[in-house]
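Lettering follows sequence order; numbering is per chain, from 1.
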There are 2 protein chains.
Amino acid sequence: MTYYGAIEAGGTKFVLAVADQENQIIEQISLPTETPEKTLSAVQTFFKQYSLKGLGVGSFGPLDLDPKSSTYGWITNTPKVDWQFFDLLSYLKQHICNQVTLTTDVNASCLGEYLYGAAKHVHSCLYYTVGTGVGAGAINQGTFVQGAAHPEMGHVIIRRMDGDDFEGICPFHGDCLEGMVCGPALEKRTGKLGKLISKEDEHWTYVANYLAQSVYNASLTLDPEVILFGGGVFKQTHLLPRIKSAFDELNHGYKKIGDQDSYLRLAALNDQQGVLGCLALAKQTERPLIPD
Amino acid sequence: MTYYGAIEAGGTKFVLAVADQENQIIEQISLPTETPEKTLSAVQTFFKQYSLKGLGVGSFGPLDLDPKSSTYGWITNTPKVDWQFFDLLSYLKQHICNQVTLTTDVNASCLGEYLYGAAKHVHSCLYYTVGTGVGAGAINQGTFVQGAAHPEMGHVIIRRMDGDDFEGICPFHGDCLEGMVCGPALEKRTGKLGKLISKEDEHWTYVANYLAQSVYNASLTLDPEVILFGGGVFKQTHLLPRIKSAFDELNHGYKKIGDQDSYLRLAALNDQQGVLGCLALAKQTERPLIPD
């Protein structure tokens, strides 16, 4: 039997999966993200019974994805202190599988949707996640958007709305997109857990507007055929309609996007896009991609 | 003799060139952009004596670059009324050369710098031009960044600086990047021609900051290995240093970019990048690119 492994290494949890050659998932578990020692020893235990032909990994970052770099495959200056400058790629090659393909968590999710989900029929797409942090991955003409490193779209500058005096929580930028709209920012804004914030709360107007601004700018920059949204904050079903309406106001009819409901959409794969993207990277037999 | 043609179709002038198989330019002229009838009849006259094997065109836009569209190859809703909804591609195929490769003016310039100029040693780059308008073209892993249409990075939303009460001149957005910093915006801000504005004028602070914001956001979105600047406004030699300093302030050490002087640079090809990019598209024998 030929097996492929997937690790969706998120900031709060790791999702691990094994699939067969027909891409059927045989086993899948979820673990909390603790220290590298604890979490990765559980990862090792999970994969031990399988001899993997390939392993695809979508990890939180920042990651060094430059093969020419001396820290290639490391998690670099993450706020998660235990993982700072951890050589993830070498660890996985040594302990799990010799053949590892590594990208960002958001790239893996973007790829999952591109291959099997809401972006299945296009060549260029953009996938946002809003939860503990804000990130996005993009595919242009079948290739990840990625230069020396990888995009960090969660940290773009937004224009503050009048009346919003929240200072933001990004340790680098203060009031960048992530600093203003991620889950912890929402909690700090309102003093409530995100899921307990009433949908009438005025802060949603700010959150939707800042997301719409960022999405609009990314749309003008990357020109994707479809833009997808996932992550915990999008469990709030009123958020995407608000973003759509703010997007329209910002656009003033400038960019022709056709049917807005096809252009701005929720991810379609029920939080499985990351694992499916990782499995595709493990197999590397799908539509052409240059993951590193 | 085998000849290749180039048309850099800008909003104020057309540059036409013919090169031989060794990419040596044999003849090059410049014409004002007037009505399609006047300008294109001069274009026809120029190319008449050459039997072209291929023609590469970088045009002002917006352009329809979707081969599946019924208006593929048209200049669409440009503010230049005479050119609105003009079928440029068909005209050129019918009157100049059967083999035409069309992209945006900024993509062509980006390609010229990528093949022969300041981005010669990278796989991902971004090229901005600031003149009558603001635009940018990008290459990701050897492929133009382009989905259903093409980027319109000149129109991104920026955060206004305190003290700047200029309302902007973009007919769609008012105070988007182009609306705030293009040549005509500068003239309206100051009542002077751009080249007569003193470098001590406070408006340069705004212009540099808004460009830095846009470049920073694009850097976080596309992650290019190098970002280049061209166009009339960059004849102001104090502008790029100001942008660099504003970029640093916005970044707060977040994104690692290595040597800033290598990362943010002036275009290297003395305004020939557009023509050279068009010639490469005409030949289509260079590093792989998917222009449409």
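- Contact annotation for A:D66: neither backbone nor side-chain heavy atoms come within less than 4.5 Å of a heavy atom of chain B.
- Note: A:H252 and B:H173 have perpendicular aromatic rings, judged against thresholds of 30 and 60 degrees for the angle between ring planes.
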Exercise. Given B:T76 and A:K256, is the side-chain contact (heavy atoms from CB on, under 4.5 Å) satisfied, shown in steps?
Worked result: CA-CA 11 Å; B:T76 60; A:K256 304 294 173 238; over 6 Å; no
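- Looking at every heavy atom in both residues, B:T221 comes nearest to A:V145 through O-CG1, 3.8 Å.
- No donor-acceptor pair closer than 3.5 Å links the side chain of B:Q146 to the backbone N or O of A:D223.
- Options B:L222, B:L126, B:N77, B:N251 differ in how many heavy-atom pairs under 4.5 Å they form with chain A, and the most are formed by B:L222.
- When heavy atoms are compared at a cutoff of 4.5 Å, A:Y254 approaches chain B by way of both its backbone and its side chain.
- The parts of A:L250 that come within reach of chain B are both its backbone and its side chain, each placing non-hydrogen atoms under 4.5 angstrom from that chain.
- For the atom pair B:L177 CG and A:N217 CG, the distance stands at 9.5 Å (nearest 0.5 Å).
- Residue with the most contacts toward chain A among B:I257, B:D175, B:V226: B:D175 (heavy-atom pairs, distance under 4.5 Å).
- Interface residues of residues 147-162 of chain B toward chain A, defined by a heavy-atom distance below 4.5 Å and sorted by number: B:G147, B:A148, B:A149, B:H150, B:P151, B:E152, B:M153, B:H155, B:V156, B:I157, B:I158, B:R159, B:R160.
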